K.L.:
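Shown below is the structure under consideration.
Numbering of residues begins at 1 and proceeds along the displayed sequence. Keep in mind that what you see is a predicted model, and the values were worked out from it rather than measured.
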Amino acid sequence: MFVYIFSTPQVTGVLDDCLCDIDSIDNFNTFKIFPKIKKLQERDYFRYYKVNLKRPCPFWAEDGHCSIKDCHVEPCPEYSKVANSTKELEDCEQANKLGAINSTLSNQSKEAFIDWARYDDSQDHFCELDDERSPAAQYVDLLLNPERYTGYKGSSAWRVWNSIYEENCFKPRSVYRPLNPLAPSRGEDDGESFYTWLEGLCLEKRVFYKLISGLHASINLHLCANYLLEETWGKPSWGPNMKEFKRRFDPVETKGEGPRRLKNLYFLYLIELRALSKVAPYFERSIVDLYTGNVEEDADTKTLLLNIFQDTRSFPMHFDEKSMFAGDKKGAKSLKEEFRLHFKNISRIMDCVGCDKCRLWGKLQTQGLGTALKILFSEKEIQKLPENSPSKGFQLTRQEIVALLNAFGRLSTSIRELQNFKVLLQHSRCHCEKGQLFPSTSASPSAGSWGTADSPALGSLQPEVPAEPLAVHHSTQTASVGSRK
């Protein structure tokens with residue numbers, strides 16, 4: 001009888017393009033960052049995210065749909081439409097207080113607001129920002145809408161990630177990504193030409209690809225860790241799905257791609273960790289508060305945030321962002337602008353995700369990463385911040401702050417979940433040795449749901465191939481991302 005033993009992705013050693021080892025990141029995240037960032041995400045200021053989920057896709061007619069109800073996002077309703085439940089009433093009163101922050105700030109200088117708006121429209125933004133005053137933007141309780149499996153799948157999900165990689169990662173069409181179903185088969189040499197090409201790129205473009213790959217890996221880890229295992233009497237059971245984890249990250253099944261993707265997750269973690277350490281002076285000023293209307297809780301939230309910043313500063317092996325865009329000034333400026341525009345385009349692609357909950361988390365995490373990049377490239381402006389007055393050179397909106405910390409919280413959770421999977425896989429090997437084919441924790445979902453994804457398309461790191469040839473799908477679309485070039 002054949003017994004398959006799960007293999008653990010070997011993610012160890014020093015990361016490329018920086019001098020940090022993975023074991024140090026694991027220990028730092030587990031004992032310093034994860035417990036605190038998890039607690040911070042439960043605070044009112046950070047649990048409510050204002051987002052516009054109704055923007056139409058600017059590149060094609062979206063035909064995606066959710067196959068289960070868990071894909072839907074319930075925004076906090078208006079106060080006048082509150083349900084009879086006392087708990088819902090309290091939650092929505094709180095949400096309306098959070099919404100009042102704009103009117104409170106509007107009592108400050110109109111000149112300051114004009115300056116802020118002018119800055120928000122400047123080229124330093126790495127994301128397509130939602131208009132926080134737009135009637136279509138609503139506060140969403142992130143704790144009530146966790147990122148997990150939704151059943152979003154098929155050509156719609158595949159197309160989003162394919163567009164991100166093929167159109168926005170500085171890649172020529174003649175170079176195929178590893179495991180791309182459209183790539184001509186090269187046998188065991190598949191992907192080698194891609195990595196030969198990638199290593200030949202400048203640091204900035206390699207970093208860009210690793211950030212996107214790391215985000216993709218993180219999202220897929222959340223999917224695997226919070227999978228719909230079964231649903232009995234209308235009550236879903238969520239938990240880790242080791243079969244799905246293996247399909248996405250196992251070294252053998254992914255032809256060596258799994259460990260590369262997980263290393264890119266660690267690289268992305270370092271980038272956002274560096275941004276948090278750099279932005280600390282902005283929040284340390286007395287003029288900056290995290291307003292929700294509860295003075296005591298607001299003070300506690302800021303204290304916890306500053307404590308996290310202190311921990312990020314203590315990390316000894318930060319990524320050195322000064323190594324980026326360090327060539328001649330004209331060339332560096334042009335490359336930085338190209339870098340920014342590519343990332344901003346990815347934030348616009350998030351409006352093409354056909355699943356509400358997937359779109360929510362896709363927009364939040366891309367905005368969080370975009371905010372981190374904005375911080376890293378604004379060091380001089382941050383150093384010049386006035387202590388007791390609004391800054392004209394560097395400003396963060398509530399939406400950016402919430403996205404930044406929640407996006408980093410997602411990465412911290414991913415690394416913690418990866419540790420959990422390693423333990424489960426070790427246990428599974430013990431079970432297999434005793435004759436058990438698969439560990440009991442890997443309950444199988446219903447037939448046909450393998451390879452589906454939560455979060456922006458998050459089809460899978462190995463994209464799910466549509467039933468018909470991809471060209472058939474493209475011929476029915478009203479537009480192509482490629483037509484933008």
Side-chain angles (χ1 to χ4, degrees), residues 49 51-66 71 73 125-131 136-137 147 150 152-171 173 177 180 182 205 208-220 222-223 264 268 337-374 399-400 403 407 410 453-461 463-464 466 470 473-474 476-485:
Y49 178 60
V51 61
N52 183 359
L53 296 175
K54 297 180 180 179
R55 280 189 174 184
C57 173
F59 304 124
W60 59 74
E62 174 53 40
D63 56 359
H65 64 279
C66 303
C71 181
V73 170
H125 272 301
F126 282 78
C127 282
E128 187 76 9
L129 295 180
D130 284 319
D131 181 3
E147 183 183 21
T150 66
Y152 180 52
K153 59 183 178 180
S155 60
S156 173
W158 185 88
R159 180 169 50 185
V160 172
W161 275 118
N162 190 60
S163 298
I164 289 173
Y165 282 114
E166 296 298 324
E167 301 292 334
N168 296 283
C169 281
F170 301 96
K171 189 182 73 60
R173 291 186 178 277
R177 286 179 292 120
N180 184 341
L182 298 183
K205 293 182 179 181
F208 191 96
Y209 173 80
K210 289 179 180 180
L211 295 181
I212 301 306
S213 175
L215 176 61
H216 200 171
S218 176
I219 289 167
N220 277 282
H222 303 152
L223 180 157
N264 290 337
L268 173 59
E337 176 65 5
E338 188 180 7
F339 190 101
R340 185 190 69 83
L341 289 176
H342 275 252
F343 192 86
K344 189 172 184 180
N345 209 44
I346 290 175
S347 74
R348 298 178 70 201
I349 292 176
M350 290 300 112
D351 285 317
C352 298
V353 176
C355 160
D356 283 350
K357 188 175 288 185
C358 308
R359 183 181 295 200
L360 163 66
W361 285 103
K363 289 170 77 76
L364 182 147
Q365 289 175 88
T366 51
Q367 185 176 21
L369 176 52
T371 304
L373 294 173
K374 168 182 171 179
Q399 192 179 28
E400 288 175 312
R410 293 277 74 204
D454 198 305
S455 237
L458 311 175
S460 80
L461 290 168
E464 179 175 329
L470 192 65
H473 288 290
H474 279 193
T476 61
Q477 295 167 8
T478 58
S480 167
V481 178
S483 64
R484 299 193 309 278
K485 290 191 172 183

K.L.:
Within the distance-only criterion (no hydrogens, no angle test), does the side chain of Thr366 pair as donor or acceptor with the backbone N or O of Gly362 below 3.5 angstrom?
P.N.:
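Answer holds: yes.
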K.L.:
Inspect the contact between Glu147 and Lys357 and indicate whether a charged nitrogen and a carboxylate oxygen are less than 4.0 angstrom apart.
P.N.:
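Answer for the salt bridge query: no.
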K.L.:
Quick check on the 6.0 Å ring-centre criterion: do Phe170 and Tyr209 meet it?
P.N.:
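Centroid distance Phe170-Tyr209: not below 6.0 Å, so no.
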K.L.:
Working to the nearest 0.5 Å, report the span between NZ of Lys363 and CG of Asn52.
P.N.:
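Reported to 0.5 Å precision, the distance equals 6.0 Å.
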K.L.:
What do the steps show when you test Cys352 against Phe59 for side chain to side chain contact (heavy atoms under 4.5 Å, CB included), and what is the final call?
P.N.:
CA-CA 8 Å; Cys352 298; Phe59 304 124; 4.0 Å; yes
K.L.:
What residue among His216, Arg177, Lys171 forms side-chain hydrogen bond (donor to acceptor under 3.5 Å, both in side chains) with Tyr165?
P.N.:
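Among the candidates, only His216 passes.
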K.L.:
Would you say that Leu373 contacts Phe339 through its side chain, given a criterion of any heavy-atom pair below 4.5 Å between the two side chains?
P.N.:
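In short, these two side chains touch, coming nearer than 4.5 Å.
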K.L.:
Side chain of Gln365, backbone of Trp361: donor and acceptor closer than 3.5 Å?
P.N.:
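The answer is yes, because a donor-acceptor pair under 3.5 Å joins these two groups.
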K.L.:
About how many Å separate CD of Gln399 and OG1 of Thr371, when rounded to the nearest 0.5 Å?
P.N.:
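Here the rounded value is 8.5 Å.
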K.L.:
Are side-chain heavy atoms of Leu360 and Tyr49 found at a separation under 4.5 Å?
P.N.:
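Yes, side chains in contact.
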K.L.:
What are the two closest non-hydrogen atoms of Ser213 and Asn264, and how far apart are they?
P.N.:
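What the structure gives for the nearest pair is OG-ND2, 2.9 Å.
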K.L.:
Determine yes or no for a side-chain-to-main-chain donor-acceptor pair under 3.5 angstrom, with Arg359 supplying the side chain and Val353 the backbone.
P.N.:
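Looks like yes, one N/O pair under 3.5 Å.
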K.L.:
So how far is it from Asn168 CG to Asn345 CG, rounded to the nearest 0.5 Å?
P.N.:
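Answer rounded to 0.5 Å: 4.5 Å.
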K.L.:
How about Lys374 and Glu400: do any of their side-chain heavy atoms sit closer than 4.5 Å?
P.N.:
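Of all side-chain heavy-atom pairs linking Glu400 with Lys374, at least one is under 4.5 Å.
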K.L.:
What are the two closest heavy atoms between Leu268 and Gly214, and how far apart are they?
P.N.:
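The answer is CD2-C, 3.7 Å.
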K.L.:
Return the CZ to SG distance between Arg348 and Cys57, rounded to the nearest 0.5 Å.
P.N.:
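Output value for this atom pair is 9.5 Å.
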K.L.:
Could you tell me if the side chain of Ile212 sits less than 4.5 Å from the side chain of Trp161, heavy atoms only?
P.N.:
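They are in side-chain contact.
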K.L.:
What's the separation between atom CG in Leu215 and atom CD1 in Ile164, rounded to the nearest 0.5 Å?
P.N.:
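If I round to the nearest 0.5 Å, the distance is 8.0 Å.
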K.L.:
In Å and rounded to the nearest 0.5 Å, what is the SG to NE2 distance from Cys169 to His342?
P.N.:
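That separation rounds to 9.0 Å.
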